[in-house]
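Here's the structure we're looking at; comments come further down.
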Amino acid sequence: MLGFFFLLVTAFAAYSRATTANYRQLRTDEVSKTIAFESERVGKVIAEMERNAIDLSLAGRQFYQAGEHPSWLGISISVENFSAFLAAVGGGIWFEPYALDANTRRVCYYAFFDPAINAVRHDPDFITSEYDYHTQMWYTTIANRLDGKYGTVWTAPYYDDAGTNALMTTVGAGIYDDNGKFVGMSTVDWEIQSMVDRLSAIKPTANSFVLLASPHDDYIISNTYKGGTEYTGAMLHGLQWYGELRFTADDAVDISSFVDRGVEYLAFSRLFDNGWLFSVQIPLREIFSEIEIRNNQFTLIIAASSLVLFALVALLLSWLINRPLNKLTSGVAELGSGNLDKQIEISSRDEIGTLASAFNKMTVDLKASIEQNALERAEKERIGAELDVATKIQASMLPCIFPPFPDRTEFDIYASMQPAKEVGGDFYDFFLVDKNTLAVVIADVSGKGIPAALFMVIAKTLIKNNAQYGKSPKQVFEDVNNILCENNDANMFVTVFMGYLDIPSGRFIFVNAGHNPPLLRTGEKFKLLKTKPGFVLAVMEDMFYKQYEITLNSGDELFLYTDGITEATNKEKELFGDLRFINTANNYLDLPLKEFTISVKREIDKFADGEEQSDDITMLALRYKGK
């Protein structure tokens, strides 16, 4: 018996040493997860700031492209944007010299939260002659670093001693015209002092410290090392151990080690989406000391208590364990046979009694869980059936029989729509206004899912009904826009392209309400039919729309589409884009229209390489043959 005791103690000691490495890994993972959790909240705020800057730049681009540029509209855009995003101090839209108005050098609209009125308001001070924002550091920094329509640029942190008296940073996104020329930018200002204080307070051990910096700007935002305040604002490369840190741009916490002043540290580092570095340095001897001390204590406690308890265990084993175990084994066997009403009667208060109570509770919970799962499965099946019906209803509303006019040989037409969800907000339509006039429509409702599908039904019905009254495309858009603006509490909108083809002559008149320009083939290649798009429908009443006209000859083609094509992305978040789309269309010239659209969709799927479709994809192809 005594030999068995020593064998037990020896085995436990060997096990303790063998598991020390696992404990160290668990401790490392624990610290890594804590740092990832704290930094993830900051990362979400950074992502929200960038999305807000991009949304504001898109609104600024629509404002720039509008036929008129009333100041009240620019003010409304900036104020409404920041009224819905109070995490930011403020921000606005800033245009290049004379870009918006040939007679005005500076045009900007800045909004901020005014605590005096407890609301967001417009700040007119930035358009005074005393403030030339084109020469300010934040403007030149963002303008010089921007390299695309959907990119963002962050400025280095700075101390705002004029307004908030706090540590600030600014993120900006570019505003471009149809030719890709930079005409202005949107900015969002963020007060980051509270974030810096929160991250700086992280202290896993007594002598650990936190580094927050901007590698791109070679700038230390905060360093909590003893005496670290002297590093704030200093060059990051001035830290001798900075080169030993390992970090990547994939949102993961990377672990590295270095030695500073004779102390070996373990560094947990992560890059935020805006390029800032967050790193926590912990002395190696401190991070694992608690585990090693606890492991030694457990070894001594187990060795001492085993000697006392071993004799009692031998005496009580058969009487206290064997009988209850037999009952428990019998109960488990009945549960395995499907009897979920089985309850084990063991009244002892030891581990076996606790296990029996847990078993009894488990059977009750298991039975309830099975019943609940059955109810949830039935509910999911019901919702799935309703969505399937909605998908079929939406598909039936769109023309789906081809050829639609078998007795008309003057033209060919084919269209398709693949929603990103069960139902979508894109739609197309074509119909004969009279025997000599063919109307074609393609549109994209803001958002996706059920709300967009409902709005799509209303917009499609209104457009077709007004067209069949004999109105021109311009009149149709102006009347439908006013109707959609009424009671539009959801603030939805729709981009639409509509045209009338005079079948005998090939004359094609059209209006574009903020939609993608179609592709036009008048020779051997497709090209964009570039016109200045009007404002989207359902946003502002009494809008005026310009009507354009071209003439199609025999063999000419029009290809209408929604932005689900050009904004399709692959796993590297690269956009399909206009150029790749035009080249794809030109690779499949002269195919029958159905095979043509199928080939274009196949190339999009090949480019996405398994990436989930993020937006509806709708196409309409029209080939004019003439008499």
Side-chain angles (χ1 to χ4, degrees), residues 38-60 77-94 108-115 118-123 125-126 133 136-146 150-175 184-202 210-217 219-222 232-233 236 249 251 270-278:
E38 292 293 336
S39 61
E40 185 64 26
R41 288 191 284 187
V42 178
K44 290 181 179 178
V45 175
I46 290 173
E48 289 176 1
M49 293 288 173
E50 292 178 342
R51 284 195 298 269
N52 191 248
I54 292 174
D55 290 344
L56 188 56
S57 72
L58 293 176
I77 291 173
S78 61
V79 171
E80 288 181 4
N81 182 79
F82 289 100
S83 296
F85 189 68
L86 296 180
V89 174
I93 305 172
W94 317 80
C108 66
Y109 304 98
Y110 183 86
F112 72 103
F113 180 78
D114 189 347
N118 196 32
V120 175
R121 71 174 179 87
H122 172 64
D123 189 345
D125 294 341
F126 288 101
Y133 63 81
Q136 298 299 311
M137 177 275 294
W138 57 267
Y139 189 92
T140 57
T141 298
I142 295 173
N144 292 334
R145 292 184 184 176
L146 283 171
Y150 300 102
T152 57
V153 171
W154 289 81
T155 66
Y158 58 90
Y159 188 80
D160 179 20
D161 56 1
T164 60
N165 292 320
L167 191 62
M168 304 280 292
T169 186
T170 298
V171 59
I175 300 175
M185 70 175 67
S186 66
T187 61
V188 176
D189 298 331
W190 181 25
E191 181 181 337
I192 60 174
Q193 186 61 57
S194 60
M195 180 273 292
V196 172
D197 294 341
R198 181 181 184 87
L199 294 180
S200 299
I202 298 175
V210 175
L211 171 69
L212 184 63
S214 174
H216 184 277
D217 300 301
Y219 183 94
I220 297 178
I221 303 173
S222 177
T232 301
L236 179 60
D251 293 336
R270 177 187 176 178
L271 275 182
F272 293 126
D273 288 343
N274 64 347
W276 289 357
L277 170 64
F278 171 54

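It should be emphasised that the depicted structure is a prediction, and the values quoted were computed from it without experimental measurement.
The shortest distance between side-chain heavy atoms of Val45 and Met195 does not fall below 4.5 Å. When side chains are defined from C-beta on, Val153 does not count as touching Val171, because their heavy atoms never get closer than 4.5 Å. Using a 4.5 Å heavy-atom threshold, the side chains of Met168 and Trp190 count as separate. Using a 4.5 Å heavy-atom threshold, the side chains of Cys108 and Ile93 count as separate.
Scored by the side-chain hydrogen bond (donor to acceptor under 3.5 Å, both in side chains) test, Gln136 finds no partners at all (sequence neighbours excluded). Applying the side chain to side chain contact (heavy atoms under 4.5 Å, CB included) criterion to Thr140, with sequence neighbours excluded, gives Asn144. For Asp217, the salt bridge (charged side-chain N to carboxylate O under 4.0 Å, His left out) partners two or more places apart in sequence, or in a different chain, are Arg145. Remark: Ser39 pairs with Arg270, Phe272, Phe278 by the side chain to side chain contact (heavy atoms under 4.5 Å, CB included) rule, at least two apart or across chains. Under the ring-ring contact (aromatic ring centres under 6.0 Å, His included) criterion, Tyr109 pairs with Phe63, not counting sequence neighbours. Residues satisfying the side-chain hydrogen bond (donor to acceptor under 3.5 Å, both in side chains) test with Asp273, not counting sequence neighbours, are none. The ring-ring contact (aromatic ring centres under 6.0 Å, His included) check on Phe126 picks up Trp94, Tyr110, Tyr131, with sequence neighbours excluded. Under the salt bridge (charged side-chain N to carboxylate O under 4.0 Å, His left out) criterion, Asp197 pairs with no residue at all, not counting sequence neighbours. Under the rule for a side-chain hydrogen bond (donor to acceptor under 3.5 Å, both in side chains), Tyr219 has no partner lying at least two apart in sequence or in another chain. Partners of Ser78 according to the side-chain hydrogen bond (donor to acceptor under 3.5 Å, both in side chains) rule, which considers only residues two or more places apart in sequence or in another chain, do not exist here.
Panel note: side chain Thr170, backbone Asp189; no donor-acceptor pair is recorded below 3.5 Å.
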Acceptor/donor pairs from residues 47-56 side chains to any protein atom, 3.5 angstrom cut, sequence neighbours excluded:
from, atom 1, to, atom 2, distance (Å)
Glu50, OE2, Trp154, NE1, 2.9
Asn52, OD1, Asn81, ND2, 3.1
Asn52, ND2, Asn81, OD1, 3.4

Pair Thr155-Thr141, side-chain hydrogen bond (donor to acceptor under 3.5 Å, both in side chains): steps then yes or no: CA-CA 7 Å; Thr155 66; Thr141 298; over 6 Å; no
